[in-house]
Amino acid sequence: MSDLVQLTTDNGIAIITINNPPVNALSPGVPEGIYEVIENIDKDGSVKVAVLIGGGRTFVAGADIKELGKMASGKGQRGEGMLPMLLRIEDCRKPIVMAIHGTAFGGGLELAMAGHYRVAVAGAQVGQPEVKLGIIPGAGGTQRLPRLAGVAAAVEMCVEGKPISADQALKLGIIDRLIEGDLLTGALAFAREVAGKPALKTRERHEKLGTAEQNAPIFVAACDTARKKQRGLTAPLAAIEAIEAAVKLPFDKGCEAEQKLFAECLFSDQSKALIHVFFGEREVAKIPDIPKETPLLPIRSAAVVGAGTMGGGIAMVLANAGISVLLKEVDQAALDRGVATIQRNYASSVKRGRFTQQFVDECLKRIQPTLSFDGFPSADLVIEAVFEGMALKKEIFRELDRVCKPGAILASNTSTLSINEIASSTARPEFVIGTHFFSPANVMRLLEIVRGKATSKEVIATCMHLSKKLGKVAVLVGNCMGFVGNRMFGPYRREAQFLVEEGASIEAVDDALFGFGMAMGPLATGDLAGLDVGWRIRKEYRHLQKPGIRQPFCEDNLCELGRYGQKTGAGWYRYDDQRRPASDPEVSRLIADWVTKADIPQRNIGADEIMDRCLYALVNEGARILEEGFALRAVDIDIIYLNGYGFPAYRGGPMWYADSVGLKNVCERICEFHKQHGETWAPAPLLKKLAEQGKTFAEFNKQHTATA
Ligand code: NAI
C-alpha cells in the first residue's frame, strides 16, 4: 500500500487517511492508493463502514496544478486513476463517509461527492474553482454536484468558481452533517449511525435534477450572465453545457460529455494562460537576491501624507488590514474633503454588502486625521501621496527624515518621479522605497514596489510581505520613468491616438481592444483617468522629446479645449451626469480638421491592425524593460498588466500573449511598422534576439535585481 493513503481500523470502522502534504493534492499515486484501499475494505468482512479523511490541515484541496499545467501544454499524461477510483468508491458495498476540514476544492469535492455521505467541520469550505484555470471539473463534478445540490446551485458554483462555507453546503445538501469538535470523532459517530444501511450512490440520485422546463431558464440566464461577467472566457459556458448534459443524459453519457468539454478547455490557449497566471502570482513574490529568511520590520502603525484621491484610498487599505493610520493634510478644508470621501466610500461598501457597519466603524476609528506631524515619530511606515512634483516631494521627505524614528520606512506613491532623487533628500535612503498603488487604491489589486538604488533588502521584503496583508499583488520593479506599467502604457496609448489620426474612428479603436478582452478601450481609459494628467506631464517633459519623432497631438488639443475626460463631461467621448459615454460628433469634426491641417493621409484601418499596433507597442516596450532589468521576469510584467491595466487574464498578460503569437511573428510585424511609421517602432533588441533564436520571453530569465 502506498504511503500516500493509509488504512487503519477502529472497532469495525475503516479509517482511510490521505497523507500528501501540504494540501493532499490528488497527485499520481493518490487515486490508485484510494482504489486499492477500497478494494480491501469491500473484501474485509470485519469492516462495516469507512471514514475517509485528510491528514494534516485539510481534506483534499484539489488537483495538482503543476500536473494540470504539464497536461495543458501536452507534456503530461492525464492520470487514468481518478474516474475508476470514484466509481469504485461509489460501488463499495460499505458506506463511505467523507470527513472534510480545510478545503475540498476541485478534485477534492469530486472525491467527496463520490462518497455515500459527507460530514464537515464548520470552518470547512467546498467548491469547484476550475473555471479560474480555464477548465471545468473533469472527474464527474458537473454530473454529481447537480444531483446533490440541484441544478441552479451547481451552475453557480461551477461557473463562478467561488467556494462556499460548510454551512451553505449543508443547506444545499452537499454535506449531510456539521461536526462540532473533533472531526474524526464526529465522523466515526456518524459512521456508526449509517453502518449497515444501504450505500446510496450519488450517481443514481435524480430527485434534484428537475425537469427540462424547470431547467431551461436557468441555463439561458447563466449563459447570458457568463457572457457579460466573464466576457471572452470559454470555460464558464463549457461548465453550463456539461451540467446540461447531466440533466439530459444518463450518468455515464454525461461523464463522457464532461470529459470531452474538459479536454477542449484544458488544451485551449485560455487554460494555458490562466495556469501561467496562477503560478505567476506566486512567482512575483520571489526575488532572487532577497531570501525568504530576510528579517521583516514590524508594521503596526502607519501615516499617510496627502488625503487626496490616492492618500484616502491608501489610508483605507491600511485601516482595513488592522493598521492604525495618521492621515495628514495641509489645511482643514482638504482634510475634511478627504475624510468625507473615505466615509462615503465605506458607506457604499456597507451598502453593497462588502463590509459590515461594525467593521467599517472599527476602520474609521483607526484613521486619525491631522494637520501636523505630531504623531509621526511613532509610525513604522509613512506613505507620501501629495501632488506629483519633485520639489514638493523632496521637501516632504526632508521633513519625514527629521520627524520619523530610525527604522521607519518612508515610501512614496509617486507614479513618475525618481525614487533615488526623492531618497537623496533624506539621510536614510536605504529606508526609502516606492509603493505605487493604482487608482482606486482601495479596489485595485496591483502594487508596484519600486526599488531605489539604496533601498535595503529588509525594507523591500517588509513591503512585499505587507502587500499580502493589504490584499494586494505586489510586483517589484526598478526605478525608471513610469516604472513598468505606465512606461508601457505610454506607447500603447500613443498608438491608439496615431490610429485615430490616420483615419480609424475613436469607437473602432476602443472596440477592437475591448473585443480583444481589455476591460476598456485605450481612449475610454484616458477619459476615465483624466486626459489632463498626461498632458501636464508631457508639457513638463517636452524639452526631453527627441526632434523628428512623431508625437500624437489629439489629446493635447482636446485638453486645450478643456476636454479632460469624464471629470469635465467630455473628452474622447461625451458623458452625461452619470458618466455614461456617448460618441461625440463634435470630436470627430475637430479631429478631421486637425488631421487635414497636419496633412496626415487618411485610410481604412481594420481591427487587426488596431490590435497589433496597440498590443505590440506594449510588448516592444515590455521587452526593453525586461532587457534593461527594470522587471525581474516576463511574468512580472504580465501580472502588472492583469491586475493594474485590465488586460484579460485568459490571454496571460502582454508578454505571454506575444509568446503565444510567436516572437518571430511579433518581431516581423513590428519591423513592418518600423518601416511604415519610423523610429518609435524600432524593434527592441531583446525581442529581435529571442525571435532569431526561436525562444520566448518566458524562457528569458535574466533575473536582474530590478535596480536602477
Ligand atoms: P490629489 O491631488 O488627489 O491629492 C494630493 C493631496 O495632497 C491633496 O489633497 C493636497 O492637499 C495634499 N497635499 C499637498 N501638499 C501636501 C503637504 N505638504 N502635506 C499634506 N498634504 C499635502 O493627487 P493624487 O491623485 O492622490 O496623487 C497623489 C500621488 O499619487 C501623486 O504622486 C500621483 O502621481 C500618485 N498617483 C496618482 C494616481 C491617480 O490615479 N490619481 C495613481 C497612482 C499614483
Side-chain angles (χ1 to χ4, degrees), residues 303-317 325-342 345 368-376 379 382-404 410-419 421-422 425 432-450 472 474-475 477 479 481-487 489-490 493 520 525-538 540-541 564-567 640 643-646:
V304 174
V305 188
T309 313
M310 297 306 290
I314 295 168
M316 289 172 77
V317 171
V325 201
L326 287 166
L327 182 59
K328 183 190 176 302
E329 257 296 343
V330 267
D331 57 46
Q332 195 61 45
L335 193 57
D336 291 346
R337 245 191 336 267
V339 172
T341 307
I342 292 176
N345 287 339
Q368 203 188 324
T370 176
L371 291 174
S372 77
F373 283 110
D374 285 355
F376 275 55
V382 182
I383 301 179
E384 165 279 313
V386 302
F387 302 129
E388 188 78 340
M390 186 51 94
L392 175 63
K393 303 250 181 205
K394 279 177 137 174
E395 188 191 313
I396 304 260
F397 272 75
R398 254 192 303 276
E399 187 62 16
L400 291 176
D401 191 25
R402 202 178 59 77
V403 298
C404 293
L410 309 183
S412 173
N413 189 52
T414 177
S415 39
T416 53
L417 302 172
S418 165
I419 294 298
E421 194 174 341
I422 295 175
S425 64
V432 177
I433 192 165
T435 48
H436 184 207
F437 287 83
F438 286 69
S439 180
N442 53 319
V443 177
M444 297 294 285
R445 270 183 93 210
L446 179 63
L447 183 52
E448 278 185 333
I449 303 276
V450 189
K472 304 287 176 199
V475 180
V477 299
N479 180 42
M481 174 75 180
F483 311 126
V484 171
N486 285 345
R487 177 171 157 184
F489 210 51
R493 295 205 66 259
M520 256 181 156
T525 309
D527 275 358
L528 174 69
L531 301 180
D532 56 315
V533 180
W535 177 51
R536 284 181 224 282
I537 296 173
R538 279 191 295 279
E540 200 166 322
Y541 290 98
Y564 293 171
Q566 290 194 11
K567 59 182 156 189
I640 287 175
N643 291 291
Y645 295 84

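Counting starts at 1 for both ligands and their atoms, following the listed order.
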If you measure every N or O of M310 against every N or O of ligand 1, does any of those distances drop under 3.5 Å?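 By distance alone, the answer is yes.
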
Is [X] touching ligand 1 with its side chain, its backbone, both, or neither, if touching means heavy atoms under 4.0 Å apart?
{"X": "K328", "value": "both"}
{"X": "I396", "value": "side chain"}
{"X": "R337", "value": "neither"}

Residue and atom name of the nearest protein heavy atom (relative to [atom]), distance in Å to one decimal:
{"atom": "atom 2 (O) of ligand 1", "result": "F387 CE2, 3.2 Å"}
{"atom": "atom 40 (O) of ligand 1", "result": "S439 CB, 3.3 Å"}
{"atom": "atom 5 (C) of ligand 1", "result": "A385 O, 3.7 Å"}
{"atom": "atom 43 (C) of ligand 1", "result": "F437 O, 3.2 Å"}
{"atom": "atom 12 (C) of ligand 1", "result": "E329 OE2, 3.2 Å"}
{"atom": "atom 33 (C) of ligand 1", "result": "E388 OE1, 3.6 Å"}
{"atom": "atom 22 (C) of ligand 1", "result": "V386 CG1, 3.4 Å"}

Assess whether a salt bridge exists between R398 and E395, defined as any Lys/Arg side-chain N lying under 4.0 Å from an Asp/Glu carboxylate O. no

[X]: heavy atom below 4.0 Å from ligand 1, yes or no?
{"X": "F438", "value": "no"}
{"X": "E384", "value": "no"}
{"X": "H436", "value": "yes"}

So do the side chains of [X] and [Y] get within less than 4.5 Å of each other, counting heavy atoms only?
{"X": "T525", "Y": "F489", "value": "yes"}
{"X": "E388", "Y": "I537", "value": "no"}
{"X": "N442", "Y": "F437", "value": "no"}
{"X": "V477", "Y": "H436", "value": "no"}
{"X": "S412", "Y": "L417", "value": "no"}
{"X": "T370", "Y": "L327", "value": "no"}

Relative to the heavy atoms of [X], which atoms of ligand 1 are at a distance of less than 4.0 Å?
{"X": "V305", "value": "19 (N), 20 (C)"}
{"X": "K393", "value": "31 (C), 32 (O)"}
{"X": "N413", "value": "30 (O), 35 (C), 36 (N), 44 (C)"}
{"X": "G306", "value": "7 (O), 12 (C), 20 (C), 21 (N)"}
{"X": "T414", "value": "32 (O)"}

Given the protein's heavy atoms, is any one of them under 4.0 Å from atom 26 (O) of ligand 1? yes

Where the closest heavy atom to atom 17 (C) of ligand 1 is concerned, which of I314, T341, V533, V330 has it? V330

Relative to atom 4 (O) of ligand 1, which among G308, A307, S415 owns the nearest non-hydrogen atom? G308

Can you check whether M444's main-chain N or O pairs, donor with acceptor, with K472's side chain at less than 3.5 Å? yes

With distance as the sole test, does E384 use its side chain to make a donor-acceptor pair with the main-chain N or O of I396 at under 3.5 Å?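 No; judged by distance alone, with no hydrogens or angles, the pair does not exist.
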
Here the gap from N486 atom CG to Y645 atom OH, rounded to the nearest 0.5 Å, amounts to 3.5 Å

Would you give the length of the straight line joining atom CZ of F483 to atom OG1 of T416, rounded to the nearest 0.5 angstrom?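 Between F483 CZ and T416 OG1, I get 7.0 Å after rounding to 0.5 Å.
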
Locate the shortest heavy-atom distance separating G526 from R493; write the atom from each residue and the value. CA-NH2, 3.4 Å

Closest non-hydrogen atom pair, I419 against N479: N-OD1, 3.0 Å

